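Worksheet: one structure, shown below.
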Amino acid sequence: MGRVHPQALQLLSPNCSFTSKQETFTLWMKSLVLNGKGCTVFDSNGQIVYRVDNYNCKDKHEVHLMDQEGNGLFTITRKQYKLSRFWEGYRSPATRNDHKGPCFRVCKTYKISRGGSTYEVQIGLDKNQPCNLKIESITGKSACKIADEFGVVVAELKRKKSPCGVDLGEDVFTMVVEANVDISLIMGIVVAYSLINCKM
């Protein structure tokens with residue numbers, strides 16, 4: 001099996017969470033903590049930039065997205081209202097009891113979609129400036145696209161392949177994020193999407 005990333009594992013301290021150009025990341029849906037659940041995110045140089053480590057594998061109601069140094073970026077919690085279940089992301093160190101409310105919310109729509117599923121994403125809830133994104137997944141393929149309210153794709157997730165075109169495994173993905181996008185926010189949304197689909 002090929003390596004998740006061909007470069008040596010190093011730590012990177014990003015200066016800004018917004019992209020100035022299109023960037024590519026590798027998502028490995030495994031924690032670096034022994035017997036832990038989560039994921040590890042590498043940049044195009046093979047350096048760790050984000051991670052999710054859930055030390056309590058039995059509790060999947062709340063997870064934390066961290067940077068490479070373990071600083072919390074988002075607390076992502078599972079919520080339920082009547083028959084509807086969804087995940088909300090709160091910017092750390094704020095908590096779910098913060099009066100500002102969640103930064104984003106992700107839920108599955110259960111609408112009939114040709115060849116896949118659709119998920120609704122609301123962002124900007126903590127600033128009273130809500131806007132909508134949409135996640136479209138493809139049935140039978142571990143791939144999805146995140147688009148804005150105008151249908152413009154801002155990020156895409158798909159299975160990672162080796163240089164010779166071989167899949168690196170069901171738990172290794174390539175994520176392409178377009179320019180002028182908050183990478184940490186996209187990562188939080190991807191984590192919530194993965195939790196909904198029991199991939200973490």
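Numbers here are sequence positions counted from 1. Bear in mind the structure is a predicted one, so any value in this text is a computation, not a measurement.
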query: Looking at CD1 of Ile189 and CD1 of Ile123, how far apart are the two atoms once the value is rounded to the nearest 0.5 Å?
result: 6.0 Å

task: For the pair Thr26 and Lys160, evaluate side chain to side chain donor-acceptor pair (under 3.5 Å) and give the outcome as yes or no after the intermediate values.
output: CA-CA 8 Å; Thr26 297; Lys160 184 168 184 175; 2.7 Å; yes

message: With salt bridge (Lys or Arg N to Asp or Glu O under 4.0 Å) as the criterion, how do Glu136 and Lys134 come out once you've worked through the C-alpha distance, each side chain's angles and the decisive distance to 0.1 Å?
response: CA-CA 6 Å; Glu136 292 185 346; Lys134 181 170 66 173; 3.2 Å; yes

- line: Heavy atoms of Cys131 and Glu149 approach each other most closely as CB-OE2, 4.1 Å

message: Using side-chain contact (heavy atoms from CB on, under 4.5 Å), reason through Phe104 and Leu185 one step at a time and then give a plain yes or no.
response: CA-CA 8 Å; Phe104 66 84; Leu185 175 61; 3.6 Å; yes

field: Distance-minimising heavy-atom pair for Thr109 and Thr118
entry: OG1-O, 2.9 Å

- request: Begin with the C-alpha distance, continue with both residues' side-chain angles, and end with the deciding distance and a verdict on side-chain contact (heavy atoms from CB on, under 4.5 Å) for Val154 and Ile186.
  value: CA-CA 9 Å; Val154 297; Ile186 292 297; 4.2 Å; yes

field: From Leu73 atom CG to Ile183 atom CD1, the distance as rounded to the nearest 0.5 Å
entry: 11.5 Å

- prompt: If you round to the nearest 0.5 Å, how far is CG of Leu27 from CE of Met175?
  reply: 5.0 Å

- request: Not counting sequence neighbours, which residues clear side-chain contact (heavy atoms from CB on, under 4.5 Å) with Asn71? List them please.
  value: Asp67, Glu69

- prompt: How about Cys144 and Tyr119: do any of their side-chain heavy atoms sit closer than 4.5 Å?
  reply: no

statement: So SG of Cys107 and OH of Tyr193: to nearest 0.5 Å the spacing works out to 14.0 Å

task: Indicate yes or no: at least one non-hydrogen side-chain atom of His64 is less than 4.5 angstrom from one of Val52.
output: no

task: Answer with yes or no whether the hydrophobic clustering places Val191 together with Val181; edges join I, L, V, M, F, W, Y residues whose side-chain heavy atoms lie under 4.5 Å apart.
output: yes

message: Please find the pair of heavy atoms, one from Ser184 and one from Leu65, that lie closest to each other, and give the distance.
response: O-CD2, 3.7 Å

message: Do Ser117 and Lys108 make a side-chain contact, defined as non-hydrogen atoms from C-beta onward lying under 4.5 Å apart?
response: yes

query: Do Thr75 and Glu62 pass the side-chain contact (heavy atoms from CB on, under 4.5 Å) test, and can you show the C-alpha distance, the side-chain angles, and the key distance before you say yes or no?
result: CA-CA 7 Å; Thr75 297; Glu62 181 174 291; 3.7 Å; yes

Residues forming a side-chain contact (heavy atoms from CB on, under 4.5 Å) with Glu88, sequence neighbours excluded: Thr77, Lys79, Phe86, Tyr90, Pro102, Arg105

message: Is it the case that the side chains of Tyr50 and Asp43 hold a donor-acceptor pair, with the cut-off being a distance below 3.5 Å and no angle test?
response: no

message: Which heavy atom of Ser92 sits nearest to which heavy atom of Gly72, and what is that distance?
response: CB-O, 3.3 Å

message: To the closest 0.5 Å, what do you measure between CE (Met29) and CD (Glu170)?
response: 12.5 Å

- request: For ring-ring contact (aromatic ring centres under 6.0 Å, His included), just list the numbers for Phe42 and Phe25, CA-CA rounded to whole Å, side-chain angles, deciding distance to a tenth of an Å, and then say yes or no.
  value: CA-CA 6 Å; Phe42 305 87; Phe25 301 87; over 10 Å; no

statement: The reported gap from CD1 in Ile146 to CG in Leu133 (rounded to nearest 0.5 angstrom) is 7.5 Å

task: Just do the side-chain contact (heavy atoms from CB on, under 4.5 Å) check on Val176 and Gln22 with the steps written out, would you?
output: CA-CA 7 Å; Val176 178; Gln22 185 188 78; 3.5 Å; yes

field: Contact check, side chains of Arg159 and Phe173, non-hydrogen atoms, under 4.5 Å
entry: yes

field: For the student: nearest non-hydrogen atoms of Glu178 and Thr19, plus distance
entry: O-OG1, 2.6 Å

